[in-house]
Each structure stands twice: as C-alpha cells, then as structure tokens.
Amino acid sequence: MSHNKITVCSKNLDASSELSLNINDLDDVNISSVSSNEYLTYNSTSSKFENNTASITYADRGAGGHGGGSTATSAPLAIPNPYHTGYTYFWEFAAERINYTPIFQDVGDSNSQLDGFVYGGGKTQWLTHVNFSTAGTYFLYFLLHIGENSTANGYLECGLTDSSYNSVGPRVHVRRSDEKRVVIKTVYQASASDVVGLYMYSLSNATYTRLSYINYLVSVERI
Amino acid sequence: MSHNKITVANQNPDSSGEITVALNNLSDVNTSGVSTNQTLIYSGSAWTVSNMTSSSTMIFVGEGAAQNYNTSGGSAISAGVSVEFYDSNAFNGISSATITSSSNWVSSVTLPVGNYIIQANLGITFSASSGEATYRIYVDGAAVGTTGNVGYSDLSVGSPAATYLSVTSGTSVIDVRIITVSSANTLANQSTRQATHGYFEVRSV
C-alpha cells in the first residue's frame, strides 16, 4: 500500500507528499465563524475546544425593586428577609438583565439565565447570592441603592458574607437622606461551591426601591 | 512501506489509513484534566489548560471584621497620621508587591514598577455632629490624587480617596493619611468602624 492512501485528520497527502493541517482539522477542535481576539475554550458537552468571545468582566445590572414587585412600594424592609427561605439574611438584588453578555461562565452554572447568580424566593429575576462553582479568586463589585420611599432617616448597613454569614469584605452604610448609592466590593478567594451574598446587618425605615430605577449592579470578575 | 510504520503525533492509522490527531496529541500541548470554559495558555514550554483570568490583578485589604481600632498600631486620628486597615487574610495578587502589617492591621503597601489605580475608604467615628475628616493617599511620603472625606453623618464612609500611580523605578510605599480632622473620637473610642468599613484597594493596570 502506498503513502497516498494515508489520511491525517481526513486530509490527503498532496502530490509532493505534503499534508497541510489547520488547527480546526484537529479532532477535538471546532472553530466556527471566528473573529479577531476570540479564544479557544473547552466545551465538555461537545468535548471540543470551541471559539468564544472573551473580555474581562462578568456583570449584570438591573432595574431597582425588590421581591419581584412591579410597582413602587412603601412596605418596610425586614430582617430576616421575608421573601425567601434559604439565606434569609441575604438581601436581594434586582437582576433584570440589560446588555448581558456571559463571559466567564465558569463562575457558576446553577442558573440557565445567568450563570453563577442564584435567585431566591421564586422571584426569578431577583438575585440572592452568587454561587462559585469553580474555585478561584474573584473581584466582586456590587452597587446598591436605598429605596426612595424610605423615610429621611432610613438607612441600610450591609456587607458581603459567605453562606455562614461570615464577613468577606468591608461593610457599607447608605442613608435615604444622602441620596446615595454605595459601592460594595471585595476580593473573594472562593473554593468550589462557595456562596457569597449581601448580608443586612441592620436597617431602619428603609423600603424597596422603584422598579423603574436602575439602581443595582452586580459584577463578578475572575482575577 | 506499510501503514503501521506511519504515525503522526504518535497516532497510528486506522484500518482505512486515517490518522486522527487531537490537540492533546501535539508534542507541545497538554490538555489533561480540562473542564468547560478553560482555555489554552502558554506556560513557557508548553500549552496547558487554565481558567481565563483578567490581565490585571490587585491588592485588597478590608475584610469587614469587627476589630476595635485601638488594637491597631495606628495613632489617634489627627492630621498627618497614617491610618491602618484590618484584614486577617489580605489579598495580594500583585507580583513583588508587599503588605506591611502587624496583628492583621495593614499600615502600608509597597509596590514595584508598574501602573496602578488606588482607592481607599476610611471609617472614622466622631464625638460631635460637626465632626469630619479628609484624607489622601500618600506615595513615598507625598500626597497624590483626590481627597477622601468622612463625616459624622456619614456613619460609615463618605467619598473615597483615589489616584492613578505609575511607579517607574524601584518601589514605592503607599499609605493613607489624615489631612484635616475635627471632633474625632479618641483612639479608645474609635470602635470597630475602620475595621468593618475601611478598605484599601490597589489595582495593577
């Protein structure tokens, strides 16, 4: 049998016995419609390396509100959170997706809508915590706003904690009279399956915020 | 010559003469143990699989633990003093950077050559409603960047101090110092607010 009966990755030797292979010819690679600056990442479903876009941040932001309500409310907030039965000291973030682009899906896979972000109380658009399915170091950056229906002396005192409510970053304090949003951030060195949420240490005369307000940002960045 | 003399990347032809080659068969690639969304990274001698990460990294000090400020090495809050930050497990992801601390209270950070964005927030308590303080980031003893502020009515933090810093040679020592202050509580009465609310963040860019 002669050499020209040999094929490599379904490619034949040419007349000069040369065989040219591209990376996409390899058995475990599937590149389709690739653009500049894309990466090859592994897909365990297809068992192939596939081209994907990638950038730095993994972020979501949402219109304000709480508990899935569709209108402004003056109902006071309460501790523990009456809206879900799991991590009842975790605050909920709105998570109505805007310009959402999943990047680091390895942050978590527990939610089909927003990998790594877990929703509570049957309110499917409300984030209660982040579940790190993959161990790693993450920069967490949350933006929180106190409801405009809070009384003038209303405030929230909160910070990021793990599932046992141990602090994992600095606390913040936001008051209605300040008209403030606050940034809550930390670096978290996660083990697989770790959970981080926004723990409410104390509050007074604070209410939910209006759905039409864009008051929340949740960003998880692997560093 | 028979087929069984031909191999490509140590792969033998099948009965039809086809040789299938995968990434992991290549001599300079090792994909063992790969999981979803990992990518190929060059390690200096071979391509291996790894999680994708940001091209920048950071230092973050401030775990939010309730520790009285009088357990720090810091002096009473007054103009010119350096303020310390509490963290029992401060994150330092910047190569060759060092964190100076004692009993988990961080007094300064030393940064190597590089470009950085630095931000700091203080949690100071006051004895009167008119109390307030301003502070700045210091680089090798010189103030840089914007002024942060905290007041009695803020309860926790006001606006952070921030700066961009380019270290062009050697190293630079970074700390945070009080610029002006009025009606600050004594060291003994500062309570836990700096430990629970203060943070010091350095990001290499």
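Below, chain A is the first sequence line, B the second, and so on; all start at residue 1. In this text, all values refer to a predicted model and were calculated from it rather than measured experimentally.
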Would you mind checking which part of B:Val8 comes under 4.5 Å of any heavy atom in chain A, side chain (CB onward), backbone (N, CA, C, O), both or neither?
side chain
Using 0.5 Å steps for rounding, measure from the CD atom of B:Glu63 to the CG atom of A:Leu160.
13.0 Å
Looking at every non-hydrogen atom in both residues, tell me the closest pair between B:Ala65 and A:Ser167 and how far apart they are.
N-OG, 4.1 Å
Could you tell me which portion of A:Val8 (side chain, backbone, both or neither) has an atom closer than 4.5 angstrom to a non-hydrogen atom of chain B?
both
State whether the number of non-hydrogen atoms from other residues, nucleotides or ligands found under 6.0 Å of B:Gln190 atom CD is greater than 12.
yes
Check: B:Ala22 main-chain N/O paired with A:Asp28 side-chain donor or acceptor under 3.5 Å:
no
Among B:Val29, B:Asn24, B:Leu26, which residue meets the side-chain contact (heavy atoms from CB on, under 4.5 Å) test with A:Leu26?
B:Leu26
Quick one: pull up OG1 in B:Thr196 and OH in A:Tyr201 and give me the separation to the nearest 0.5 Å.
8.5 Å
Measuring only between side-chain heavy atoms, which start at C-beta, is B:Phe60 closer than 4.5 Å to A:Pro170?
yes
Quick one: what part of B:Val49 sits under 4.5 Å from any heavy atom of chain A, side chain, backbone, both or neither?
side chain
Quick check on B:Gln11 against chain A: is it the side chain, the backbone, both or neither that has a heavy atom closer than 4.5 Å?
neither
Gap separating the CG atom of A:Asp27 from the CG atom of B:Asn25, nearest 0.5 angstrom
8.5 Å
Under 4.5 Å from a heavy atom of chain A, the part of B:Asn89 involved:
both
I would like to know whether A:Phe49 and B:Val34 meet side chain to side chain contact (heavy atoms under 4.5 Å, CB included); could you show each step before the answer?
CA-CA 10 Å; A:Phe49 283 85; B:Val34 66; 3.9 Å; yes
Please report the closest heavy-atom contact between B:Val21 and A:Cys9, naming both atoms and the distance.
N-SG, 3.4 Å
Lys/Arg cation over aromatic B:Tyr199: A:Arg171, 6.0 Å, 45° cone:
no
Is B:Gln194 in contact with chain A via its backbone, its side chain, both, or neither, using a 4.5 Å heavy-atom distance?
neither
Out of A:Lys11, A:Gln189, A:Glu50, return the one with the most heavy atom pairs under 4.5 angstrom to chain B.
A:Gln189
Any donor-acceptor N or O pair under 3.5 Å, side chains A:Thr7, B:Glu18
yes
Pick one of side chain, backbone, both or neither for A:Thr137, based on which atoms fall under 4.5 Å of a heavy atom in chain B.
side chain
Could you state the interatomic distance from CD (B:Glu201) to NZ (A:Lys185), rounded to the nearest 0.5 Å?
3.5 Å
Sort A:Lys48 into side chain, backbone, both or neither according to what part of it lies under 4.5 angstrom from a heavy atom of chain B.
neither
Rounded at 0.5 Å granularity, tell me how far OG in A:Ser10 sits from CD1 in B:Ile19.
11.5 Å
B:Asp28, CG atom: more than 12 neighbouring heavy atoms under 6.0 Å:
yes
With rounding to the nearest 0.5 angstrom, report the CG to OG distance, A:Asn43 to B:Ser35.
11.0 Å
Chi angles and distances behind the side chain to side chain contact (heavy atoms under 4.5 Å, CB included) call for A:Val187, B:Met58:
CA-CA 9 Å; A:Val187 170; B:Met58 60 195 309; 3.5 Å; yes
